[in-house]
Amino acid sequence: MPDFYSFMRSPSALGRVGVAGAWLAVGTFTAVTFLIPLALVISQSLSHPIAANYVAVLRSSATRVVELRTLQLGVIVTAICVIIGYPAAYALTRLRPFWRSAAIAAIVLPFLTSYLVRTYGWIAILGVNGPLARLGSLLGSPSGSLNGTLPGLIVAMTHMLLPLMILPVFAAMNTIDKRQLQACSSLGAKPSEAFLCVYFPQTVPGLATGVVLVFVASLGFFVTPALIGGFSGTTIAQIIFSFVNELFDFGRASSLGVLLLLVVGALFLIASRFVDLAAVFGIKERLASARRQRSRRKLRSSAAVMLLARVTSRTPLADRIGLLAGSFLAAALFILILPLVYVVLVSFQPLRLLELPTASFSLTWYRQVLSRPEWFDAARNSLVVALSATTISVVVGFFLASRAMASAGIARVAIFAVAIGPLAIPHIVLALGIYGTFLRLDLTGRLWSLALAHAIVALPYAFVNIANGLATYDRQLDRAASSLGARPFASFRRVKLPVLRTSLLTACALAFLVSLDELLITLLIAGPALPTLPVRMWASATSNISPELAVVGTLLVMVASTVFVLTKLAGLGRSGKAIARGSVLQLTMSEAR
Amino acid sequence: MLTTLVSAGEDKMAMQRKPVPASPLARLRALAVAIVSLFFAIAFGPVVAAAAGPRSLEGQQIVLYTFGGTQLETTRELVIKPFEEETGANVIVDDTCCQRLQAALEAGQFIGDVVVGLDRGGMLARDARGWFVHDPRLEQVARDRGSPDPYPSPAMLILHSYSYVIAAKDASVPLPTTWAEFWDTKRFPGSRGINRITPAVQLDAALLADGVPADKLYPLDVDRAFKKMTELRDATRVVVLNSGADQINSLGTGEATYAIVYSNRAYMAKRGGIPINFTYSDGFMTGNGGAILKGAKNVDGAVAFLEYHFRPDVLARFAERTGMSPAYPAAADLIRPEYRPLMATAPENAKLQHVLNDEYWQKNLAAIMERWVAWLSQ
């Protein structure tokens, strides 16, 4: 079975050296950017007596309340992202290619403008003069403002996190052959039965990916809750921040970070009692024996599924799934795009105020931005770092995901922990750990070391999406290719890569955007010589929020849209499936020849 | 814990250990400059001695660690550029203050010679951690200029004064002039903006609003203050603000009807055409300034930079642009008359305000912060 994994495991000397070399590189990378920083953070959380910081943190009722609140917020936002994101992703798969790529571009576009600017966008939209003020007074806010309320915070956080749900789910759905559903209906299944018994199970890996990304990312959220959440916006990340910035108590901050990591780990453990996480993430080969073991349990659950399907098929909505999903997609796009509209409009505000409507139309801030070369330097740095970080994280993510599939037991858990871990630690704590490590290794202030640090932040996003792609990948394609005479590498390049295209693109896109928006680590290790866009924006936003930020955001969106339109015109954008089928077909033909 | 508190004595040693590298020519020039400035010093007294002779720092590098934004633009134009021209020094600006300060200092990493833009509370806290080089010249220059600094110290030079004041979104609503009025939601209906980052000032204000006489304020009756804070939250919508920028934006957009804001922010906003309204009455005045960072490579350059920044004409122009009043009267007198009444230190304003007890807050912040977070998360 000369598929990619066995190719990597092949007894040839070259293969072995290659794998050992890859392990060495990946090992060094994760050690320097994650394991050593983590060890540093843990060592800093220990004091004299050894657990004093932990005792103090655990004794504090404020911390307990806030920790609970943070988890609660994460659960709510994740649930809403599932409810909106799943049907929206489904609607995406039903769009025609051009509109589909346009919609995906619209989902990704908001990430190009700093989250700071978008947060201020939401403040205006939710505010006393905003379009939602009337809704706010209905909800019981006296001034009509939803700022400082839980619903307001949830809407803004959904905006920030929704792409992390839609993209992985879409990637999973996109690999499903739509003819399966036709086959189901020709065999007499009702649409809802076909969906629940055939379609949905295949999307579970994507859904799980989205849930993990959204939930864990929401725990580390800091700026949005602080600015919009009011009293309900006190999160654990914020307490960590105040320990670092106001009280200079790195010990407490570290111990809180380690505790949050433990909570996330515990949640994973609890979840793994009920769901086979490894299988869900596709890092486990679905062996026939395992299937047999579970078949009895499955029989019972499938009876429940059938019942559910019967019930839902009687509801009038069942015939209109397409329309329903479409409206969810519209809602998702609305939430994602709305602050962007605000950003563009407010960039013409003459005053140093992020307010709409503006008194007059002014280009003052455009003149300001264009007259400053530092914005362009920052943009160039950002781009270089984001491209390098994306490459590193996707290559490492692919390697780790493939190895995780091929390994078992502790090794797999270890790979999983290293690949997801960077997301589970609060960002500020990871940032300080990386900074401490890089300082000691004299790696600060360099473009490539910044790219390495960004790559570890982006790694979980890349890993999870690629693992998800591998999970839904039909291994028989490899076999088909090899039986048709394709060498392992050829089948990898011409069959596997094209089929995994959507997952890989998702991985690349998320990794790129994560790097582009990364602030804290950059702030720490880049220094004055290497400004990036978020750092420049932060520097000008900490002391004054001005429409200048909106101008930079608008310009970025304009550039991105132009690039998108140009690539569309150049005719890129065939679906991965078509290519895969085409490749197998080509191989068949070359064999016949 | 890796945190090590370095004593003042060690700081001085660190300072002496790091000589400024200089070529023989530069040394000769420095000697000449020293002789000339000694002559001037004898002739014109201590004021001129503070500012050494022309091009005294030719070719030297000074790394300034500070915040970005408009304040930095003003600093570049009014301080850094003329300072470079006068002394020949090259000032390198790092505007990413202050996240990496602690980690860098603990790892023994050089991060900058001089930091500018921190408020007094922040500087006292950092000094307590041993992050500043103590240099008697800083205290001396403050004395020579007649600075009425309530906490003179060789660890920092307070350059400006500003105040935490009551502000209203515009002139359409009446402006409270005492904290009791700020708390009075019947006569002054509307939302209130308070600051999230620190309980300082707000608890002090709560106690004044509750009738505690200003001279009996410290040590704060924390229980009573929190009760008063809860009273405000129960009576009206309280907007939680996250930064000075957030204060002005919330007032400017009408999100907050009234808020506790930094006076220099309010001044800048008014100058920028944002129609907010504010009063110095019952405000809490504090300082803002600079210090020499532990591990500084160019202590003399850092001192020279702070001394330059402290000059009366520099501070006066700076005040006009930023609303940060000069730390001493001789400089405040140089402010153009149209701006003078807007300054926190203008005599008619100064007498309306209290001096924030930064030392009390530095000692008690950690303990009160715990309750503050608990109160915020209720």
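Chain naming here is simple, since letters A, B, ... match the order of the sequence lines and numbering starts at 1 in each. What's counted below: heavy atoms across the whole structure, side chains too, no hydrogens, waters or symmetry copies.
Relative orientation of the Trp372(B) and Phe226(B) rings is tilted, given thresholds of 30° and 60° on the angle between their planes.
Ser191(B) places a side-chain N or O within donor-acceptor distance of the main-chain N or O of Thr257(B), the cut-off being under 3.5 Å. In this structure, Arg129(B) contributes its side chain and Phe248(A) its backbone to a donor-acceptor pair below 3.5 Å. Counting only distance, with no hydrogens or angles, the side chain of Gln202(B) and the backbone of Thr198(B) share a donor-acceptor pair below 3.5 Å.
Contacts between Ile239(A) and chain B at a heavy-atom distance below 4.5 Å involve the side chain alone, from C-beta outward. If you measure heavy-atom distances from Asn242(B) to chain A, the contacts under 4.5 Å come from the side chain alone. Arg372(A) touches chain B through its side chain: at least one heavy atom from C-beta onward sits under 4.5 Å away, while N, CA, C and O do not. For Phe243(A), no part lies under 4.5 angstrom from a heavy atom of chain B. At a 4.5 Å heavy-atom cutoff, the contact between Tyr435(A) and chain B is made by side-chain atoms alone. Neither the backbone nor the side chain of Thr235(A) comes within less than 4.5 Å of any heavy atom in chain B. Proximity to chain A is limited to the side chain of Gln109(B), based on heavy atoms less than 4.5 angstrom apart. Looking at Arg126(B), both its backbone and its side chain come within 4.5 Å of chain A, counting heavy atoms on both sides. Residue contact with chain A, scored on non-hydrogen atoms closer than 4.5 Å, is absent for Ala269(B). Looking at Ile197(B), the atoms closer than 4.5 Å to chain A (heavy atoms on both sides) sit in the backbone and in the side chain alike. Neither the backbone nor the side chain of Val63(B) comes within less than 4.5 Å of any heavy atom of chain A.
Among Ala52(A), Ser60(A), Ser61(A), Gly436(A), the residue making the largest number of heavy-atom pairs under 4.5 Å with chain B is Ser60(A). For the set Asn147(A), Thr63(A), Leu520(A), the count of heavy-atom pairs under 4.5 angstrom toward chain B peaks at Asn147(A). Ranked by heavy-atom pairs shorter than 4.5 Å toward chain B, the options Val66(A), Asn245(A), Leu227(A), Leu432(A) are led by Leu227(A). Your options are Gly127(A), Ala226(A), Ala62(A), and the one with the most heavy-atom pairs under 4.5 Å with chain B is Ala226(A). Among the candidates Val238(B), Leu241(B), Val239(B), the residue making the largest number of heavy-atom pairs closer than 4.5 Å to chain A is Val238(B).
In this structure, the ring of Tyr342(A) has its center no less than 6.0 angstrom from the ring center of Trp122(A).
A salt bridge links Glu77(B) with Arg321(B): the distance from a Lys NZ or Arg NE/NH1/NH2 to an Asp or Glu carboxylate oxygen falls below 4.0 Å. Of the charged side-chain nitrogens involved, none lies within less than 4.0 Å of a carboxylate oxygen, so that Glu548(A) and Arg367(A) do not count as a salt-bridged pair.
Across all their heavy atoms, Arg440(A) and Leu40(A) have their closest contact at NH1-CD2, 3.9 Å. The minimum heavy-atom distance between Leu251(B) and Ala256(B), with the atom names listed, is CD2-O, 3.4 Å.
Side-chain contact of Asn53(A) with Ser254(A): a donor-acceptor pair under 3.5 Å is absent, judged by distance alone.
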